[in-house]
Amino acid sequence: MSSSEGDGVGRSSLEGVFRTGEAGRGAYLSRLFAFFSEEVVRHWAADGRAPYRDLGRPTVWDEAGKYHTLDFTLERRSDGARFIGELKCEIQFENYKYMTLAGPDQVVHHDGGAAFERLTRMAREPRSHRVTINGKEQPVNGAILLWGVVTPEGRRSVMDHYGFADVLAIEDILIDLAAWKPAAWAEWVGRRRRWTDELFGWMAHPVEE
């Protein structure tokens with residue numbers, strides 16, 4: 001099941017993990033999650049069951065030779081179409097105002113940023129900018145937006161408004177990974193859990209008695 005389709009069955013809530021009544025929890029976890037949220041997408045795309053594979057970070061150039069490097073180049077497995085992609089996973093920011101995407105009004109505060117303008121322009125005009133990956137020019141068919149949580153109406157309306165080929169949700173991607181259980185993802189999570197436990201263990205007892 002692709003993350004863009006969703007099955008609506010057995011879903012846990014990303015919001016329920018971050019948004020609780022405990023003071024400081026949401027801000028702390030949001031900052032922690034920001035360190036590796038892109039890795040969630042990369043592990044998902046590395047699994048052959050995902051509808052996209054990740055080809056690497058794309059560099060988007062303008063006529064003056066200026067450039068911006070975005071988060072992903074996602075190649076659709078079904079037909080080989082390629083899309084530049086950018087992750088906007090704003091969780092606790094402005095009291096969770098942007099955590100769940102319900103419509104274009106939650107995206108417009110990114111309008112005006114040079115990198116995001118290139119993303120949205122290429123959503124409708126894929127040939128408007130030259131794109132390279134590791135210095136090699138790549139053909140691009142459009143753009144994809146990735147968000148924290150996405151409602152069905154939010155996905156449809158944002159795709160219509162900006163021309164995105166798809167809008168993907170981190171929540172759905174994590175549900176896919178939990179169902180698929182790829183070994184590389186389990187190892188990656190387990191190792192970082194161990195590192196974090198070891199750090200906090202040392203902080204609690206930095207001097208051996």
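Worth knowing before you read on, the calculation uses all heavy atoms, side chains too, and leaves out hydrogens, waters and symmetry mates. Numbering of residues begins at 1 and proceeds along the displayed sequence. Computed from a predicted model, the values in this text were never measured in an experiment.
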Heavy atoms from other residues, nucleotides or ligands near CH2 of Trp195 exceed 12 (cutoff 6.0 Å): yes
Asp197, CG: over 12 other non-hydrogen atoms inside 6.0 angstrom: yes
Partners meeting salt bridge (charged side-chain N to carboxylate O under 4.0 Å, His left out) with [X] (sequence neighbours left out):
X: Arg57; answer: Glu38, Asp71
X: Arg156; answer: Glu153
X: Arg194; answer: Glu198
X: Glu63; answer: none

Where at least one partner belongs to residues 132-174, residue pairs that pass ring-ring contact (aromatic ring centres under 6.0 Å, His included), sequence neighbours excluded: Tyr162-Phe164
Listed once per pair and sorted, the ring-ring contact (aromatic ring centres under 6.0 Å, His included) pairs that draw on residues 69-97, sequence neighbours left out: Phe93-Tyr98
Co-membership, hydrophobic cluster, residues Ile144 and Ile133, 4.5 Å side-chain: no
Taking the side chain as everything from C-beta on, heavy atoms only, tell me whether [X] gets closer than 4.5 Å to [Y].
X: Leu177; Y: Pro182; result: yes
X: Leu168; Y: Val150; result: no
X: Leu174; Y: Val40; result: yes
X: Leu55; Y: Arg53; result: yes
X: Met203; Y: Leu199; result: yes

Pairs involving residues 20-33, ordered by first then second residue, that meet side chain to side chain donor-acceptor pair (under 3.5 Å) (sequence neighbours left out): none
Treating [X] as the side-chain partner and [Y] as the backbone partner, does any N or O pair qualify as donor plus acceptor under 3.5 Å?
X: Arg118; Y: Val60; value: yes
X: Thr59; Y: Thr69; value: no
X: Thr73; Y: Gly85; value: no

Pairing residues for Asp160 by the side-chain contact (heavy atoms from CB on, under 4.5 Å) criterion, not counting sequence neighbours: none
Qualifying residues under side-chain hydrogen bond (donor to acceptor under 3.5 Å, both in side chains), relative to Arg121, sequence neighbours excluded: none
Non-neighbouring partners of Gln92 that pass side-chain hydrogen bond (donor to acceptor under 3.5 Å, both in side chains), sequence neighbours left out: none
side-chain hydrogen bond (donor to acceptor under 3.5 Å, both in side chains) assessment of Glu90 paired with His109: CA-CA 12 Å; Glu90 300 164 310; His109 71 290; 3.1 Å; yes
Rounded distance (nearest 0.5 Å) linking atom CD of Glu86 with atom CG of Leu70: 5.0 Å
Listed partners of His129 passing ring-ring contact (aromatic ring centres under 6.0 Å, His included), at least two apart: none
Whichever hydrophobic residues join Trp61 through chains of side-chain contacts under 4.5 Å: Tyr67
Parallel, tilted or perpendicular: rings of Trp188 and Trp185 (30°, 60°): parallel
